[in-house]
Undergrad: 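So that we are looking at the same thing, I have put the structure below in structure tokens.
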Amino acid sequence: LMRIHVLRARAKTLGEPFALQSALEHAVMAANLAPDRQEILFELGSLLLEAGHIERGLGALEKARDVEPRYGAAWSRLVLALERLGRKEE
């Protein structure tokens with residue numbers, strides 16, 4: 001999880017496009033190894049949104065919400081994903 005955070009930060013602060021892709025790859029691997037870890041699912045969903053994979057990001061965020069329904073950040077990102085998909089009514 002730490003490597004994902006570091007790569008994501010490098011992508012944002014230094015504008016390194018490979019860092020976002022690398023963070024996404026690490027998040028996918030982590031989610032495959034621990035499919036019920038809310039933190040990993042949240043990071044995966046967030047990275048997918050940043051990379052423009054909105055539908056896939058929505059799916060990961062829904063899983064994160066299902067694992068820990070009280071995690072407010074997952075709900076916030078879900079709203080963002082739905083807005084990007086034009087599904088504001090949900």
Side-chain angles (χ1 to χ4, degrees):
L1 197 53
M2 181 61 75
R3 178 178 293 269
I4 295 167
H5 288 291
V6 169
L7 289 167
R8 187 177 191 193
R10 287 183 68 176
K12 283 186 173 188
T13 58
L14 301 175
E16 296 178 359
F18 74 90
L20 180 60
Q21 183 59 37
S22 185
L24 188 51
E25 291 169 5
H26 280 82
V28 168
M29 287 188 287
N32 287 333
L33 292 171
D36 293 326
R37 292 252 337 252
Q38 178 275 327
E39 309 94 342
I40 292 171
L41 294 168
F42 175 76
E43 287 300 322
L44 175 59
S46 297
L47 286 165
L48 286 165
L49 289 182
E50 287 178 35
H53 305 289
I54 311 303
E55 287 285 349
R56 288 179 57 205
L58 178 63
L61 291 167
E62 287 174 334
K63 288 179 187 176
R65 177 213 49 210
D66 292 344
V67 170
E68 181 52 61
R70 294 175 295 175
Y71 186 57
W75 286 98
S76 297
R77 292 284 163 85
L78 277 170
V79 169
L80 177 65
L82 290 168
E83 286 177 349
R84 289 186 181 174
L85 290 170
R87 295 166 45 187
K88 296 179 182 181
E89 304 301 316
E90 295 178 50

Undergrad: Which salt bridge (charged side-chain N to carboxylate O under 4.0 Å, His left out) pairs, counting each pair once, include a residue from residues 14-24, with sequence neighbours left out?
TA: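 Non-adjacent pairs meeting salt bridge (charged side-chain N to carboxylate O under 4.0 Å, His left out): R10-E16.
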Undergrad: To the closest 0.5 Å, what do you measure between NE2 (H5) and CD (E39)?
TA: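 Atom-to-atom, H5:NE2 and E39:CD are 8.5 Å apart.
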Undergrad: So, does W75 use its side chain to make a donor-acceptor pair with the main chain of P69 at under 3.5 Å?
TA: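 Looks like yes, one N/O pair under 3.5 Å.
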Undergrad: Extract all donor-acceptor atom pairs below 3.5 Å that involve side chains of residues 49-67 and protein atoms in other chains or at least two apart in sequence.
TA:
unit_1 : atom_1 : unit_2 : atom_2 : d
E50    : OE2    : R8     : NE     : 2.7
E50    : OE2    : R8     : NH2    : 2.3

Undergrad: So do L44 and L24 actually touch side chain to side chain, heavy atoms under 4.5 Å?
TA: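 Of all side-chain heavy-atom pairs linking L44 with L24, at least one is under 4.5 Å.
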Undergrad: Applying salt bridge (charged side-chain N to carboxylate O under 4.0 Å, His left out), which residue pairs with at least one partner in residues 19-34 are found, sequence neighbours left out?
TA: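 Not a single pair qualifies under salt bridge (charged side-chain N to carboxylate O under 4.0 Å, His left out).
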Undergrad: Report, as yes or no, whether the 6.0 Å neighbourhood of atom CZ on R87 holds more than 12 heavy atoms from other residues, nucleotides or ligands.
TA: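 For R87, atom CZ is crowded (more than 12 foreign heavy atoms under 6.0 Å).
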Undergrad: Can you name the closest pair of heavy atoms from A34 and I40 and give their distance?
TA: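 Smallest heavy-atom distance, with atoms named: CB-CD1, 4.0 Å.
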Undergrad: Can you tell me how far the OG atom of S76 sits from the CZ atom of F42, to the nearest 0.5 Å?
TA: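 Atom-to-atom, S76:OG and F42:CZ are 8.0 Å apart.
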Undergrad: According to a hydrophobic-cluster definition based on side-chain heavy atoms being under 4.5 Å apart (Ile, Leu, Val, Met, Phe, Trp, Tyr only), do L41 and L78 belong together?
TA: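 Different clusters: L41 never reaches L78 through Ile, Leu, Val, Met, Phe, Trp or Tyr contacts under 4.5 Å.
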Undergrad: How many angstroms lie between atom CZ of R77 and atom CZ of R84, to the nearest 0.5 angstrom?
TA: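 If I round to the nearest 0.5 Å, the distance is 9.0 Å.
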Undergrad: Indicate the atoms forming the closest heavy-atom contact of A27 with I4, along with that distance.
TA: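 Looking at all heavy atoms of both residues, the shortest contact is CA-CD1, 3.5 Å.
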Undergrad: In the single-linkage hydrophobic clustering (I, L, V, M, F, W, Y; side-chain heavy atoms under 4.5 Å), do L80 and Y71 co-cluster?
TA: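 Yes; tracing contacts between hydrophobic side chains, which count when under 4.5 Å, links both residues.
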Undergrad: To the nearest 0.5 Å, what is the distance between CD (E43) and CZ (R37)?
TA: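 CZ of R37 is found 11.0 Å from CD of E43.
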Undergrad: Verify, without hydrogens or angle tests, whether S22 (side chain) and F18 (backbone) share a donor-acceptor contact under 3.5 angstrom.
TA: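 Such a contact is absent between S22 side chain and F18 backbone.
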